[in-house]
Protein chains: 4
Amino acid sequence: MQSRSPAVRTGRPRSAAADAAILAATREALVELGWSKLTLGDVATRAGVAKTTLYRRWAGKNELVVDAVAELFDELELPDRGSLAADIEGVVLQFAAILARPEARSGLMAVVSESTRDDALRERIRTSVVDPQKDLVLEGRARAQARGELPPETDPEEAARTADLIFDVVAGAVVHRTLVSAEPADEEWVRGFTRVLLLGLVGAA
Amino acid sequence: MQSRSPAVRTGRPRSAAADAAILAATREALVELGWSKLTLGDVATRAGVAKTTLYRRWAGKNELVVDAVAELFDELELPDRGSLAADIEGVVLQFAAILARPEARSGLMAVVSESTRDDALRERIRTSVVDPQKDLVLEGRARAQARGELPPETDPEEAARTADLIFDVVAGAVVHRTLVSAEPADEEWVRGFTRVLLLGLVGAA
Amino acid sequence: MQSRSPAVRTGRPRSAAADAAILAATREALVELGWSKLTLGDVATRAGVAKTTLYRRWAGKNELVVDAVAELFDELELPDRGSLAADIEGVVLQFAAILARPEARSGLMAVVSESTRDDALRERIRTSVVDPQKDLVLEGRARAQARGELPPETDPEEAARTADLIFDVVAGAVVHRTLVSAEPADEEWVRGFTRVLLLGLVGAA
Amino acid sequence: MQSRSPAVRTGRPRSAAADAAILAATREALVELGWSKLTLGDVATRAGVAKTTLYRRWAGKNELVVDAVAELFDELELPDRGSLAADIEGVVLQFAAILARPEARSGLMAVVSESTRDDALRERIRTSVVDPQKDLVLEGRARAQARGELPPETDPEEAARTADLIFDVVAGAVVHRTLVSAEPADEEWVRGFTRVLLLGLVGAA
DNA sequence: ACTTAATCGAGACGGTACGTCAGGTCTTGCC
DNA sequence: GGCAAGACCTGACGTACCGTCTCGATTAAGT
């Protein structure tokens, strides 16, 4: 997270255990209190750590919560279920399961909201949350092309644009369903969504 | 906004001008400061109003911002452009234009985030922001069915589910593109999105 | 303590009771904790008052303690005991009694120390603590002159210088005895001091 | 300052230079910042020393400042000027010159103030600051008695009491003039003070 | 015109959290 | 073992907003 590669690393080294304790305490506080009532003093107390230790490592609430929530998305992966539709359904369900957890619900949109006025924060979110998810889209498409379910790309730039589009559609739909409409993105919904995504409104009707 | 229809309403009536001034001041503060740095004391000062006046009408920051942002969405409408695709492109572009404004960018996701732990707030958002948008989906589908672009519904419950799905996909995609990916939802993107929405990944490829 | 004579005094007026409660709490905390361990947060709590209320009225610990300690000196007066020697002994004993109280012991020299680098603070000390005491010197001298114990002044400037000198000698001796030598300025000591002051080392020997 | 005479003193011996550097840095910081803004971390940095080194030798800020200020008083001596009055004037001027230095002004009364609640600190002040000064009083009296300016003592206990009294009067007056009245104890003032001390108010008038 | 009563501005109030700073301790690795 | 470096826990700092309250002054509707 922070590297001081130059020079000899003098002085007492930072406790590695503190980082983990702080992030776990942050998630715990998110569950109990939600974003707006979460205070850094409380997180420090839960983690058994001084407030100064926390501020030495994170610039503020936003950065801390991004790192705490980002770890939730580490478990996302794209298991091979044999078909494009099945692959999509699988990964969307995983994504929905993460968004169903209260620590993600309250924290994620809050930091996204803050990131609209803080470029460094947006970059941090992109690096640790968004880009890893986007890689799943690329991997899924490659697999579908290998199976012959999708045609190979001709224009690489166009291909990148399409991947971004698909990612926004998939992630956006699940987030909106979960947080705005406040309805569960369960198996039935995911089947319907995947059908529309693959076949379109006209084809799915 | 609030009615005290029972009883006779004696005494000095509330200033109608104050409401408008407060909401305008709220949007102004959202633009300049963003959600997290917006304070009610500052809004009151901008509006030339005492803090008590503000608290007499809104319960807090969340409710105030919902009302201030909701007004931005009042201008959304569904002009008849002759085809389903053109109708979708038109309304999506309008939606994107609203989300491009800084007062919406910073405020909207923040209150959505808060609403994950506050049912009354979620209901307020739904009523004044979400449901009016959802009506546009219904209106668009009816128009497309009248044109023969989409088959008439058979199962009304299934039809409601589909409308919700479409709404989550459309709104979610635009929001995600604009706020998370932080890229503009411009005409080119909207064309690509509409194509995928109507034809699906397979059909659009 | 603070007057806002101009204009109309709008807004909620300051609580008069709070001032008294805060000063009393300050003295209480001085007794229990001493200057260096006294915290404004603790004083606020003892006074049943918010920290902000305290800061609204005093700039900091120094100013607060000056006001709290100054009240102790309000009781100083110069009773007519019939002779210059008896008058001096009487007022010095009173002064010593005040300096024997723990709230004065810990607080007084601390603010004097701070005042060496803070002109406004020195002025505050002078106005509310020192000058009233100095008036007693002038009053005592006038009385002694009326009795014929001291000759009337000829040069008024010289008279002012002498009054200052006497004040520094009297106050300084008692303070030094009490705080530096840490011995009680009891009746015996006061008698000896008065004898030296009136007759000098040579005359007193 | 601290002796570990028992045992064999193994390991690296303490740097003698560090002690001097720390005390000098302390006085420098007192001049620049004053007592209340002086921090041990800053002193350590100025002295080019780690905070641990400092704490290994002094228990805290109070003890450190006492030692740093005490060195200022080492230069006090009682040169023989031929008469009691001249001797007093000489030593009082020296004392006043030390108190005029900012490192003494800010530091001395602060530690005296602290010493009202810390017996060990008071003892340290007495040993390293007060008692050496008091010796000057004894020496001056002996010299005056040898000259026949003062009668020889009859009661040794009474003599000790008188010496203490004189010391409190002299030191107290200079301290009060310098720090409380914040006026210079210059030659003119010292002449007036000495005259009153020797002849008394009545005799000096 | 005269009450009546809720509104308005101003700003003080009790709180809570902020982010920083200093005190004093502990843990490294080098000397 | 001393030492420089710097992380650590603790606790206070002074500030900013919160949402409530207390003022005196308006301001309409009902008399």
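Order of the sequence lines fixes the chain letters, A, B, ..., with proteins taken first and strands second; residue numbering starts at 1 for each chain. If you're wondering where the values come from, they're calculated on a predicted model, not measured in any experiment.
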| query | Stepwise, does the side-chain contact (heavy atoms from CB on, under 4.5 Å) test hold for B:K61 with B:T26? | reply | CA-CA 10 Å; B:K61 193 165 156 173; B:T26 303; over 6 Å; no

| Step-by-step side-chain contact (heavy atoms from CB on, under 4.5 Å) determination, A:E103 to A:V69 | CA-CA 7 Å; A:E103 59 268 46; A:V69 170; 5.8 Å; no

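Look at CG on A:L54: it is 10 Å from P on E:dC18, rounded to the nearest Å. If you take OH of A:Y55 and P of F:dT10, they are 17 Å apart, rounded to a whole angstrom. Summarising the geometry, the separation between CZ on C:R57 and C1' on E:dG14 is reported as 12 Å, rounded to the nearest angstrom. Whole-Å rounding puts the A:R46 CZ to E:dA17 P distance at 12 Å. If you take CD1 of B:I22 and C1' of E:dC8, they are 11 Å apart, rounded to a whole angstrom. When the P atom of F:dC17 is taken as reference, atom CG of B:L64 falls 16 Å away, rounded to whole Å. A:L40 places its CG atom 19 Å from the P atom of F:dG11, with the value rounded to the nearest Å. If you measure from atom CG of A:D19 to atom P of F:dA7, you get 13 Å, rounded to the nearest angstrom.
Here the side chain of A:K51 is nearest to one of E:dG23, E:dG19, E:dA17, namely E:dG19. Across E:dG14, E:dG11, F:dT10, the shortest atom-to-atom separation from the side chain of C:V49 is found for E:dG14.
Residue A:T52 is in base contact, counting any heavy-atom pair closer than 4.0 Å across all strands shown. Contact annotation for B:G48: backbone-only contact, meaning every heavy-atom pair under 4.0 Å involves sugar-phosphate atoms and none involves a base.
Between C:T53 and E:dG14 there is a side-chain N or O to OP1 or OP2 distance below 4.0 Å. Remark: A:R56 is not in phosphate contact with F:dC9, judged by side-chain N or O atoms under 4.0 Å from OP1 or OP2. The shortest distance between the side-chain N/O atoms of C:R14 and the OP1/OP2 oxygens of E:dG11 is not below 4.0 Å.
Exactly one of B:R27, B:K37, B:R46 qualifies for a salt bridge (Lys or Arg N to Asp or Glu O under 4.0 Å) with B:E32. That residue is B:R46.
Ionic pairing of A:D67 and A:R124 is present here: one or more N-O contacts between side-chain nitrogen and carboxylate oxygen are shorter than 4.0 angstrom.
Nearest-nucleotide assignment on DNA chain E puts the 5′-proximal partner with C:P13, out of C:P13 and D:K61. Mapping B:S15 and A:L38 onto DNA chain E via the closest heavy atom, the residue that lands nearer the 5' end is B:S15. Both A:A50 and A:R12 sit near DNA chain F, but only A:R12 has its closest nucleotide nearer the 5' end.
The line from CH2 of D:W35 to CG of D:N62 is 4.0 Å long, rounded to the nearest 0.5 Å.
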